[in-house]
**Student:** 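The structure follows.
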Amino acid sequence: MNLMGNIIVNITIAFLVGSLLLGFQRKVMARIQRRPGPPVIQHLLHTLKFYIKESSFPRTAAMPFYVAIAATLCGIWVSAVIVGPVLEGSLLLFFGIYALHKIVEHNAGSSSGSPYGKLSCVRAVFSAAAELPLFAVLAIIYLETRTMIISDIIGYQSIHGPLILKLPLAAMMFFVLILSKAPYSPFSITKGKDIISGYETEHFGVLRGYLMISESIAWYMLLWIFLTVFVGGLSLPLYILGMVIITAVTAFINATTPMLNPNHSVAIQVILAFLGIAGSIILMLVM
């Protein structure tokens, strides 16, 4: 398969699998809370639905920035698919893409002129303060493998075993980062119920469709990079199985824990990050 065909196939898989996983998460949460819940394909149906609905633009929106930012967010995660599953390139570049996601998330909220969007974009900056220490996982992985290239990390694990066994606290740190991006997460302060849909509140029609595609691909990619870095290169069925398990775990946590306020959310993530950093360094020195 040529490069372009490989890119298209992987983007399609990321979107479809990510959409179904987000639908599955809602279904598991509903069952835990003794509700029937929506069908597993609900997120996918919602995404497709927005492409046949009329698009509207608030008078307060900063045009054309308001339109471009939604498409940019989708493009960022498409780039992540290329860096990850397609090329197995630099882990550092992948986290750079994630950092761009935070910037775009902020601008998506500020560009609409909505008070809910503005509060969400402020929280996006606030939440970044908690997520930055979690990026220390990159340094921990490098100290163990001496590489930042995903394909080399896969090769290292094929010889020395999964990193999740050697760096369990680093894996925990990355899992907290995944949990913070899960819908209805206790750490999901940028789209809390008190601010409706956060930075997405004023996006309708095709623009909302772009945002929902980016959500699906982002969820798939976060799970893919976790499994690849801490378990190793897997076949597609095993990737999907691992993603289903992680999604079910996050759904259980989300269904049984309250949403934290911004201060508590950031404080707990920072504490977990520093515990993970200190613990990982100690384990590396001991082992």
Side-chain angles (χ1 to χ4, degrees), residues 1-18 20-21 76-101 131 134-179 181-182 216-250 273 276-277 279-281 283-285 287:
M1 184 183 299
N2 60 32
L3 178 59
M4 185 55 65
N6 194 15
I7 291 173
I8 293 173
V9 168
N10 276 280
I11 291 172
T12 303
I13 291 173
F15 167 61
L16 293 177
V17 174
L20 294 176
L21 287 172
I76 284 173
W77 285 108
V78 168
S79 300
V81 174
I82 297 173
V83 172
V86 176
L87 300 178
E88 294 183 351
S90 172
L91 188 61
L92 192 62
L93 183 56
F94 179 88
F95 273 84
I97 290 172
Y98 180 85
L100 285 177
H101 161 78
E131 294 171 1
L134 298 177
F135 288 166
V137 71
L138 289 173
I140 295 171
I141 292 170
Y142 178 78
L143 290 174
E144 179 65 32
T145 64
R146 297 300 175 180
T147 182
M148 283 280 98
I149 304 301
I150 296 173
S151 58
D152 293 341
I153 294 173
I154 294 173
Y156 177 91
Q157 292 179 97
S158 65
I159 299 172
H160 299 91
L163 285 177
I164 195 170
L165 301 178
K166 295 186 175 184
L167 304 172
L169 294 177
M172 178 272 292
M173 292 165 59
F174 199 103
F175 176 77
V176 171
L177 183 63
I178 292 175
L179 182 62
K181 304 312 297 179
S216 299
I217 298 177
W219 185 248
Y220 175 90
M221 284 307 306
L222 287 172
L223 299 184
W224 184 91
I225 203 70
F226 177 87
L227 291 170
T228 302
V229 169
F230 290 104
V231 180
L234 304 171
S235 63
L236 182 59
L238 289 178
Y239 267 120
I240 294 176
L241 176 61
M243 291 175 182
V244 168
I245 293 172
I246 297 173
T247 300
V249 172
T250 59
I277 294 169
S280 295
I281 293 174
L283 284 175
M284 291 173 66
L285 291 175
M287 298 175 65

**Student:** Taking side chain to side chain contact (heavy atoms under 4.5 Å, CB included) as the definition, give me every residue that meets it alongside Thr147, ordered by chain and number, with sequence neighbours left out.
**Tutor:**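 Only Thr145, Ile149, Asp152, Ile153 meet the side chain to side chain contact (heavy atoms under 4.5 Å, CB included) criterion with Thr147.
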**Student:** To the nearest 0.5 Å, how far apart are CD1 in Ile7 and OG1 in Thr12?
**Tutor:** 11.5 Å
**Student:** With sequence neighbours excluded, give me every ring-ring contact (aromatic ring centres under 6.0 Å, His included) pair touching residues 144-166.
**Tutor:** Tyr156-His160
**Student:** Does Phe226 form a side chain to side chain contact (heavy atoms under 4.5 Å, CB included) with Met243? I'd like the steps, not just the answer.
**Tutor:** CA-CA 9 Å; Phe226 177 87; Met243 291 175 182; over 6 Å; no
**Student:** Are side-chain heavy atoms of Ile246 and Leu227 found at a separation under 4.5 Å?
**Tutor:**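 When only atoms from C-beta onward are counted, Leu227 and Ile246 do touch, with a gap below 4.5 Å.
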**Student:** Hey, can you pull the donor-acceptor pairs under 3.5 Å for the side chains in residues 169-177, sequence neighbours left out?
**Tutor:**
none

**Student:** Would you check if the side chain of Glu144 reaches a backbone N or O of Leu167 as a donor-acceptor pair within less than 3.5 Å?
**Tutor:**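 Pair absent, no side-chain N/O of Glu144 close to backbone of Leu167.
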**Student:** How long is the gap from OH on Tyr239 to CD1 on Ile13, to the nearest 0.5 Å?
**Tutor:** 12.0 Å
**Student:** Check Ala80 against Pro85 and note the closest heavy-atom contact, atom names and distance.
**Tutor:** O-CD, 4.1 Å
**Student:** Can Thr228 and Gln157 be said to form a side chain to side chain contact (heavy atoms under 4.5 Å, CB included), step by step?
**Tutor:** CA-CA 10 Å; Thr228 302; Gln157 292 179 97; 5.8 Å; no
**Student:** What pair of heavy atoms forms the shortest contact from Ile150 to Val83, and how long is it?
**Tutor:**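 Shortest heavy-atom contact: CD1-O, 4.3 Å.
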**Student:** Decide yes or no for Leu3 and Leu87: does some side-chain heavy atom of the first lie under 4.5 Å from some side-chain heavy atom of the second?
**Tutor:**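 A side-chain contact exists here, since the closest heavy-atom pair is under 4.5 Å.
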**Student:** Check the pair Asn10 / Asn6 against side-chain hydrogen bond (donor to acceptor under 3.5 Å, both in side chains), numbers first and verdict last.
**Tutor:** CA-CA 6 Å; Asn10 276 280; Asn6 194 15; 2.7 Å; yes
**Student:** CD1/Ile97 to CD1/Ile225 distance, rounded to the nearest 0.5 angstrom?
**Tutor:** 9.5 Å
**Student:** Mind listing the side-chain donor-acceptor pairs of residues 216-223 below 3.5 Å, one per line with the distance, residues two or more places apart or on another chain?
**Tutor:**
| residue | atom | partner | partner atom | Å |
| --- | --- | --- | --- | --- |
| Ser216 | OG | Ser19 | OG | 2.9 |
| Ser216 | OG | His43 | ND1 | 3.4 |
| Ser216 | OG | Met212 | O | 3.2 |
| Trp219 | NE1 | Thr247 | OG1 | 3.3 |

**Student:** Name all pairs fulfilling the side chain to side chain donor-acceptor pair (under 3.5 Å) condition that reach into residues 76-88, sequence neighbours left out, sorted by first residue then second.
**Tutor:** Trp77-His101
**Student:** For Phe15, give me all partners under ring pair (Phe, Tyr, Trp, His ring centres under 6.0 Å), at least two apart in sequence or on another chain.
**Tutor:** none
**Student:** To the nearest 0.5 angstrom, please state how far the CG atom of Leu241 sits from the CG atom of Leu234.
**Tutor:** 9.5 Å
